[in-house]
Amino acid sequence: MSNLSYVNENTDAWQTYLAQIDRVAPYLGDLKNYIDTLKRPKRALIVDVPIVMDDGSIQHFEGYRVQHNLSRGPGKGGIRYHPDVDLNEVMALSAWMTIKTAVLNLPFGGAKGGVRVDPRKLSTRELERLTRRFTTEISPVIGPQQDIPAPDVGTNPNIMGWMMDTYSTQHGHTVTGVVTGKPVHLGGSLGRVRATGRGVFITGLQAAKKIGLSIENSKVAVQGFGNVGNEAAYLFSQAGAKVVAVQDHTGTIFNADGFDVKALQNYVEQHHGVAGFENSQKIDNEAFWDVEMDIFIPAALEGQITVERAERLSAKMVLEGANGPTYPSADDALLRRGVTVVPDVICNAGGVTVSYFEWVQDMASYFWSEDEINERLDKLMIQAIEDVWKTSEEKSCSLRTAAYILACERILKARKERGIFPG
Ligand code: NAD
């Protein structure tokens, strides 16, 4: 339990993260002395974001940027626009970024930001004003060497373009490296938009090989059909799997023979949700968890897999595209039932890995081909899952704990070697 006064003890995401840290502590030897550094964010900024709406009225939104840990390099992490965003959620998301960048051995710390807003209710002009004002408010703490935002739920490359332009305008010159996930013609990287879904697929393939699960004709269910879920579903369908159930904020659709995922992507682009897709049966949202499946990909929000749902899941493998979708108690239930869980901190790290490539390319002003990017991404992801798998076998622990062992050792070694200022 945290003793930070501003932590709402009822908020699940931060509590989930703290429980994960408590589980890894016994494996850390002397580095355990430094573990408290991971149980609190280094810096948390709350900002007021007032904007003039299209009808002339003024509305205020609350925004956040949390830098959880900067021991290994600048902060890195997305910006979320969602009505449920709050400080506790952003703290947890920033902490998971600390772990994720360390598992992949990227030279970054962890950060995250967000605005408590439903972006679907804003016009494009209002969204631009919100983004520019939010960027201005957090600009004292961001920068290419300090903290580099990227897209997350509810944000996209266009929004990153506005953030880059706002920051650059304030600095009097173009600073492409201040955000990643930008449009390609603004210094973005080829392959970034699809990188997270690709990483889910690549780590999933490796895990499937290890447990002897054939992808051909396997049944896949996906929760969330946005940036992450749609690409992961597409790549699994291309590899011969059947995507039999998809759930998003508009409902749940089912087809025992598998969907035409390309057609579903086109449908969602036009209709902004999966509900009503042709050749699909609409099923109850709760019935989604009882669908017969081999692979489950949560790719929506955190806190989705409860113990009760974990007991019902027929999947042999869970690929965490979303951040924090599984409660610690549900993790235990899945482990007990022999379900392989590829944890978020490695499974969805494809996005931050190509964000790292984007930042490197911006710094060098030299850009790589998409093939080069995918090749480097696949190599890093495969190496990371191999390392995590080996650690989990050596220590007889879950893949999640193994990933945390590798990450926490790297972060806390950096903390120890840097020393505690002023000593
Ligand atoms: P997105 O906004 O593109 O898509 C989110 C999807 O979740 C949408 O299909 C939406 O309909 C669905 N959704 C929202 N509320 C839901 C609900 N209550 N029930 C079912 N579905 C619901 O977001 P994204 O970028 O795909 O992110 C999804 C998850 O992946 C998040 O947890 C995010 O933090 C994580 N993630 C994203 C990236 C990235 O590069 N975009 C990287 C790492 C992790």
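Both counts, for ligands and for their atoms, begin at 1 and track the order of listing.
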Exercise. Side chains of Gln361 and Ser189: is there a donor and an acceptor less than 3.5 Å apart?
Worked result: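 Checked: Gln361/Ser189 side chains pair up, N/O donor to acceptor below 3.5 Å.
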
By number and element, which atoms of ligand 1 are closer than 4.0 Å to a non-hydrogen atom of [X]?
X      : result
Gly154 : 2 (O)
Arg192 : 40 (O)
Leu301 : 15 (N)

Exercise. What do you reckon, is CD of Glu269 surrounded by more than 12 foreign heavy atoms closer than 6.0 Å?
Worked result: no

Examine [X] against ligand 1 and note whether any of their N/O atoms are separated by less than 3.5 Å.
X      : value
Leu93  : no
Asp152 : yes
Glu302 : no
Gly351 : no
Asn348 : no
Gly224 : no
Lys100 : no

Seminar exercise, completed: heavy-atom search around atom 30 (O) of ligand 1 in the protein gives Gly321 O, 3.3 Å

For this session: Around atom 40 (O) of ligand 1, find the nearest protein heavy atom and jot down its residue, atom name and distance.
Result: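 Answer for atom 40 (O) of ligand 1: Thr196 OG1, 2.7 Å.
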
For this session: Return yes when His82 approaches ligand 1 closer than 4.0 angstrom through a heavy atom, no otherwise.
Result: no

Problem set entry | Sub-4.0 Å heavy-atom approach of Arg80 to ligand 1 |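 Contact check Arg80 vs ligand 1: positive.
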
Seminar exercise, completed: CE of Met381 to CG of Asn374, rounded to nearest 0.5 Å, is 12.0 Å

Exercise. Taking the six-membered ring of Phe254, is NZ or CZ of Lys282 closer than 6.0 Å to its centre and within 45° of its axis?
Worked result: no

Looking only at non-hydrogen atoms, which of [options] approaches [atom] most closely?
atom                    : options                        : value
atom 37 (C) of ligand 1 : Val228, Asp248, Asn230, Thr353 : Val228
atom 16 (C) of ligand 1 : His249, Gln223, His272, Glu231 : His249
atom 28 (C) of ligand 1 : Pro119, Ala299, Cys347         : Ala299

Exercise. What class does the angle between the rings of Tyr17 and Tyr404 fall in, given that below 30° is parallel, 30 to 60° is tilted and above 60° is perpendicular?
Worked result: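 Geometry flag for Tyr404 against Tyr17: tilted rings.
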
